[in-house]
Amino acid sequence: MIKKVDHIAIAVNNLNEVVELYGKIFGLKPEHIKDVPDQGVKAALIPVGNGTEIEFLEPINPQGGVAKFLEKKGEGIHHIALEVDDVEQEIKSLTAKGVEFIDKQPRMGLAGKIAFIHPKSTRGILIELCQKV
Ligand code: CMX
């Protein structure tokens, strides 16, 4: 079951610059800034109220998915993350409905246990399911 929008992720070329900009404009401050090497990114998570966050992603691996996204589309919204109670259960039930997953098994991300749905199942929008652990 979907609980809420956990975060909206935005791909950027320079994470520090964007974090500073959003701090100046909105007074927002990052909770975490962390390298996630297995996903090829440096990520900043910024709370925006009611448990929802904005996540900025800067590529640290030129072969990674976010680097490819920036090359193809430029800076912009990369994915929407929806919080669920049980990622494994959602993978099973959505797969039974014909939804294709990039991650057939959950893996660990900044937002907990995560799994990406293939954008071809969701009209070109990359959706991440995440479960707090
Ligand atoms: N929006 C829309 N479509 C996208 C997309 C995006 N953000 N990212 C990839 N795609 C498309 C690709 O164009 C490709 O389409 P075609 O099959 O038509 O060519 C398809 O989805 C598969 O993409 P890929 O990069 O070739 O496939 P991979 O399995 O190698 O990787 C993905 C998929 C999404 C995991 C990877 O591209 C990616 O973005 N990795 C970074 C994940 C990330 O954001 N991690 C952050 C921390 C996690 C957290 O928030 O907790």
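For the single chain, residues carry numbers from 1 onward in sequence order. Counting starts at 1 for both ligands and their atoms, in listed order.
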Checklist entry - Under a 4.0 Å N-O cut-off, is there an ion pair linking D86 with K113? => result no

Checklist entry - Judged by atom type as modelled, is there a donor-acceptor pair below 3.5 Å linking the side chain of Q131 to the main-chain atoms of V87? => result yes

Checklist entry - Residues two or more places apart in sequence or in another chain: which of them pass side chain to side chain donor-acceptor pair (under 3.5 Å) with N61? => result none

Checklist entry - Are side-chain heavy atoms of P119 and I102 found at a separation under 4.5 Å? => result yes

For ligand 1, list all ligand N or O to protein N or O distances below 3.5 Å, rounded to 0.1 Å.
residue	atom	partner	partner atom	Å
ligand 1	7 (N)	H78	O	2.8
ligand 1	7 (N)	H78	NE2	3.3
ligand 1	13 (O)	K72	NZ	2.9
ligand 1	25 (O)	K68	NZ	3.4
ligand 1	39 (O)	H78	NE2	3.1
ligand 1	45 (N)	Q39	OE1	2.5
ligand 1	50 (O)	H7	NE2	3.2
ligand 1	50 (O)	E55	OE1	3.0
ligand 1	50 (O)	E55	OE2	2.9
ligand 1	50 (O)	E128	OE1	3.0
ligand 1	51 (O)	L110	N	2.9
ligand 1	51 (O)	A111	N	3.1

Next on the checklist: Taking ring pair (Phe, Tyr, Trp, His ring centres under 6.0 Å) as the cut-off, I'd like each qualifying pair that reaches into residues 90-121, sequence neighbours left out, listed once.
Outcome noted: H79-F116

Item to check | Pairs touching residues 13-27 that satisfy side chain to side chain donor-acceptor pair (under 3.5 Å), sequence neighbours left out | outcome: N14-E17

